Amino acid sequence: MGLAIFIATLNKLKAQLTFFAARLNAVNLLLCLLLLMGMNACDSNFVAYKNVLDTSAVVISFDRIAADKNESVLVTGRNLDKDITIEMNGVPVDFQIVSKTKGSFVIPTDAPEGLTDVKFNKSKKSLGLLPLVIGSSADNIPVMTVSSSSVCNDIIYKDKTGTLTRGERPCGDKPACSEDGQIDCLAVATFPAVDKRTKLSIANAALIHSTITIAGVKGTMSNCSADGATSCLADTSFPSADASVAAAKIVTGQTLAGIPGTASSALANCAADGATGCVAITNFPAVNKVVNLAAGNLAKIHSSVTVGGVVGTMSDCAADGGTGCMAIATFPAAIASGAAAKIVTGQTLAGVSGTATPAPANCAADGATGCVAVTNFPAVDKVTNLAAGNLVKIHTTVTVGGVVGTMASCSADGGLSCMAVTGFPAANTTGAAAKILTGQTLAGVAGSATVTPGNCSTDNQTNCVTTSTNPAVIKANVTADLIKNGTVIAGVTGAYPSATYPLAGATGTADLDAATFNAKVKSATAFEYWDSAGGYQTGAGSANITAANIVTGVSIFGSSGTAPADCLYGTQGSCQADTKCSWTGSACEVDPWNIRAGVTLGGKAGALKTSCRNRGSASTWDTGLPYSAVVTASTPTIAVTGHPFSNGDIVRIDGSTAPTGLTLRTQTYFVVNSVASTSLQLSLTSGGTAITPSTGANVNIYKWTDGTVQWWDTIDDYNNNLAFPTALVSGFTSSNDCSSADWQDLTADGTCDAAADDCMMKDKISGLTWSESYPVTGAAAASTAESWFSAIQHCNNLNFGGYATGWRLPTQKELMDAYAHGIRDVGFNGAGVSTGSTNLNANFIADVDTYYWSASTTSYNTSYAWLVHLSYGATTNFSTKSPAYLVLCVR
């Protein structure tokens, strides 16, 4: 292959190995030795890179890079001694020391062929690894007739003499190309190499627009600015046009894209009624004048209407009963059949004379006759209802049917057959005398009732009416022993309780009084007392209330304690253990978050979760247990030993190779013709025709959406860009379920709920406090990106949330822990769906669905640092430290 292609291929391979290699010393050597697989033993000036930890002894190189079994390999170094040992594939190999600079070993007969690392140790400390190809095969090392100074130092080749040689030009440290036209850099996918001499010649530059620069060469093509112009960029003002047969599409007399038109001009649209030589349109369609506008039809078109240039001859109706005219407001159309009976006699309407009798007028005055009775003036039977006997029951101010009532208003006390009025209202005289005071007359009745005495107004008053404030009292019941001492009721002064009238239930037992309270409480002697409800109580103190039983520094009922206090920690002296502290070597009052979840210690149930397991989301992934299946070509029957599937079950299949006619992972199938625990067939419809593949393969069959979230149904916290997953997997417990419940809001005002808040969240599992994204005091959480170096400085210099020091950029593992402990759930505040990749609750983390810098450097390439994705849980080092990524700080 050509030198450029060969170098590009090796560089690409090196980049891939750099990303995935787990060893610290083998990246460049692997690139070289992969090319040497199967090579015959030969002489070489090849000197391997060394990974030396002990500088007192150094192994530099072998005299070859490939050797056969039982063949001796010479080792070159310095300060070599008998304490140096060799291992190949973990098996010790005898190492013979020739001098301080030379040694040798023999390839074992049972050594596996291929690339092998030879490990050198001294005093249990590694001196490094040197690779060696064991075995022989075709010699496929490239030959290049160039100086080693122009070849990259990670390339091994044969020079023009056939000697194995390593390039000397350092290439591995070239930066990736990052801007157009850059040179002396490594071409990458976004900035690939361009052949300027051929691809960007003057002729090709004319095919590139003047606003575009490729590999530092600016295009010369301008925008089209004249009609018919060529070799220019068609734009909105001058778009591209198909010139073939264009003339017939352009109107005569016009030029478009430089082509004169030959097409006839279109006729104008008809714009007036009766117009000719124009195009009929919706508003002016064609009319058949001969047929539709004949004289007979014109008489049916009003004279104010012209159709197709012809005026109608119908006039407005102008006479009652007129026909062949247009009915108008003053002469509307009328049905003449039966009209006479509806028209008043003497009147003519629509040419018809009326025969109906006119209706009388409505009654409008009381007593009117020859009129129609209406709601306000109904008919009255004067003979019966307005006879003299009834008129005396109608007041003189009322006229009914033209007749005036004769009843007068009452004007004397006890008057009869008169209308009760305000001055003389109606009264029930039955038994009225007893209700009227003696000496008084009411409604003509003389009273006989006794005059009522006044209300009682003072205690012990007589000859008065009792009231709610001065009720009646049975004086015989009012005695001094029933009234509270010092209280006067009905003239009697109370004396209860007193020596004369003691409290009920008193015995010979001594009372519990203030003077002897402490002594009696600390004695077993019985005493008596009364509660606030007057209830009699008895009790006794406790002789256990002594100074020896009270903790030092505490006084109870006048006794100062001398007993040692409860232990506060396990190794404390002069203390006594209790239920909270009955062990040694640890604190007694323990924070539940310092005790493992599921463990109870000193009466405290632990809250600290030591493992955080993924949750499940049935909407994203919900499958049954997979079963191994064998699909045989040309038969619909699939062998599945021990399967539980029934006809109608919905399943999917998975495997490395899809049998013809079956689709892996995305297509759902229905089970048909199932034989329990033996075989089944698949169909695209329930109960449908079984599918017969033309080729077979081993696959796995699993039930799709079985309704139970199992451990194999777990997903990442990203949850397909939906809300944080909530399904707890069957068999998992809350002690393994880490989410926003395991975080504490430490924001100064108590809640991270505003853009201006300096939001801080504590991970109660790790004990770390996390800042909002890109923290700046007084500013909202932001998705501002920085380089790794700037991120380190930003957190190191941070004064945020009341903490002027102590902030730093988190390590890779701390960020991974934050993901495992549910930081994405905290970012979502427990609910919501993200829009695109931006979190709905942006007060804490402006963008939770992306990568964040860690402070940890990639061990095998210190130009790179680790990134952690807060939604996927992914950690990667695909970027150097220069590009910008998001920042969280921790303390």
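Just so you know, these numbers come straight off a predicted model, no measurement behind them.
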List the atom of T116, the atom of P112, and the distance in Å for their closest heavy-atom pair.
OG1-O, 4.0 Å
Is a donor on one side and an acceptor on the other found under 3.5 Å between the side chain of S871 and the backbone of R824?
no
For W712, look at atom CH2 and say whether over 12 heavy atoms of other residues, nucleotides or ligands are found less than 6.0 Å away.
yes
With no hydrogens and no angle check, do the side chains of S734 and D737 hold a donor and an acceptor under 3.5 Å apart?
no
Might you point out which heavy atoms bring R615 and T726 nearest each other, and give the distance in Å?
NH1-CA, 3.4 Å
So, N698 and S628: side-chain donor and acceptor under 3.5 Å apart, yes or no?
no
Evaluate side chain to side chain contact (heavy atoms under 4.5 Å, CB included) for I765 paired with C612, printing each intermediate quantity in order.
CA-CA 10 Å; I765 298 176; C612 295; 4.0 Å; yes
With a 4.5 Å heavy-atom cut-off, do L768 and E814 have their side chains touching?
yes
Considering only heavy atoms from C-beta outward, does the side chain of V91 approach that of D110 to under 4.5 Å?
no
Residue pairs fulfilling side chain to side chain donor-acceptor pair (under 3.5 Å) with at least one residue in residues 673-682, sequence neighbours excluded:
T637-Q681, N673-Q681
Taking NZ in K762 as the centre, count heavy atoms belonging to other residues, nucleotides or ligands within less than 6.0 Å. Is the count above 12?
no
Measure the acute angle between the ring planes of W770 and W743, then classify it against the limits of 30° and 60° as parallel, tilted or perpendicular.
tilted
If we ignore hydrogens and angles and just use 3.5 Å, is the side chain of T811 paired with the main-chain N or O of S856 as donor and acceptor?
no
Applying ring pair (Phe, Tyr, Trp, His ring centres under 6.0 Å), can you list everything that pairs with H821, at least two apart in sequence or on another chain?
none
Within this structure, what is the OG-CZ distance for the pair S686 and F670, rounded to the nearest 0.5 Å?
5.5 Å
Taking the side chain as C-beta and beyond, is there a heavy-atom pair between P659 and I691 under 4.5 Å?
no
I'd like to check Y852 versus L886 (side-chain heavy atoms, cut-off strictly below 4.5 Å). Are they in contact?
yes
Heavy-atom nearest pair, L815 first then P810, reads CG-CG, 3.8 Å
D757 versus T747, side-chain donor and acceptor atoms under 3.5 Å
no
Can you tell me how far the CG atom of N700 sits from the CG atom of L625, to the nearest 0.5 Å?
9.5 Å
Measuring from L684:CG to Q667:CD, what's the distance to the nearest 0.5 Å?
5.5 Å
Would you tell me whether T708 and D706 have side-chain atoms, one donor and one acceptor, within less than 3.5 Å of each other?
no
Polar side chain donor-acceptor pair, K881 to T857, under 3.5 angstrom
yes
Neighbour count >12 (heavy atoms, 6.0 Å) for atom OH, Y627:
yes
Is there a donor-acceptor contact under 3.5 Å from the side chain of R613 to the main chain of N736?
no
Looking at every heavy atom in both C177 and F191, which two are closest together, and how far apart are they?
O-CD1, 3.3 Å
Verify whether the ring centers belonging to W704 and W621 lie closer than 6.0 Å.
yes
I'd like to know if the side chain of E772 reaches the main chain of C759, judged simply by a donor and an acceptor atom lying under 3.5 Å from each other, with no hydrogens or angles considered.
yes
Hey, could you give me the CG/CD distance between D763 and Q744, rounded to the nearest 0.5 Å?
11.0 Å
Residue pair T858 / N877, side-chain donor-acceptor N/O under 3.5 Å:
yes
Heavy-atom closest pair (N121 atom, S126 atom, distance to 0.1 Å) is OD1-CA, 3.7 Å
Spatial distance of atom CD1 (I650) from atom NZ (K703) [nearest 0.5 Å]:
9.0 Å
So do L798 and P775 actually touch side chain to side chain, heavy atoms under 4.5 Å?
yes
Please test H643 against I701 for side chain to side chain contact (heavy atoms under 4.5 Å, CB included), starting from the C-alpha separation and ending with a verdict.
CA-CA 9 Å; H643 79 80; I701 297 182; over 6 Å; no
Which residue in the set W866, Y885, F789 passes ring-ring contact (aromatic ring centres under 6.0 Å, His included) when paired with W853?
Y885
I638 and side chain to side chain contact (heavy atoms under 4.5 Å, CB included): which partner among V671, V631, V630?
V631
Nearest-0.5 Å distance, CG of residue D68 to OG1 of residue T109
13.0 Å
I653 vs L682 side-chain heavy atoms within contact, under 4.5 Å
yes
Taken in chain and number order and not counting sequence neighbours, the residues that satisfy side chain to side chain contact (heavy atoms under 4.5 Å, CB included) with T705 are D622
Output yes when a side-chain donor or acceptor of N614 lies under 3.5 Å from a complementary backbone atom of I715, and no otherwise.
yes
Can you find a pair of side-chain heavy atoms, one from C889 and one from F800, that are under 4.5 Å apart?
no
Is the shortest side-chain heavy-atom distance between L870 and L888 below 4.5 Å?
yes
Are the side chain of Y669 and the backbone of T663 linked by a donor-acceptor contact shorter than 3.5 Å?
yes
Set out, in order, the CA-CA distance, both residues' side-chain angles and the distance that settles side chain to side chain contact (heavy atoms under 4.5 Å, CB included) for E87 and V93, then state yes or no.
CA-CA 6 Å; E87 292 180 12; V93 177; over 6 Å; no
Verdict with supporting geometry, S617 and N719, side chain to side chain donor-acceptor pair (under 3.5 Å):
CA-CA 7 Å; S617 173; N719 196 16; 3.0 Å; yes
Would you mind checking if K764 and D742 are paired as a salt bridge, meaning a charged N to carboxylate O distance below 4.0 Å?
no
Taking A846's backbone N and O only, do any of them form a donor-acceptor pair with S773's side chain (distance below 3.5 Å, no angle check)?
yes
Run the side chain to side chain contact (heavy atoms under 4.5 Å, CB included) test on D713 and V729 for me, step by step, so that the C-alpha distance in whole Å, both residues' side-chain angles and the decisive distance to 0.1 Å come before the verdict.
CA-CA 8 Å; D713 292 327; V729 173; over 6 Å; no
Between M761 and V826, the two heavy atoms sitting closest are CG-CG1, 3.9 Å
Strictly by modelled atom types, are R891 and T769 linked by a side-chain donor-acceptor pair under 3.5 Å?
no
Any donor and acceptor pair, going by atom type alone, linking the side chain of D716 with main-chain N or O of Y872 inside 3.5 Å?
no
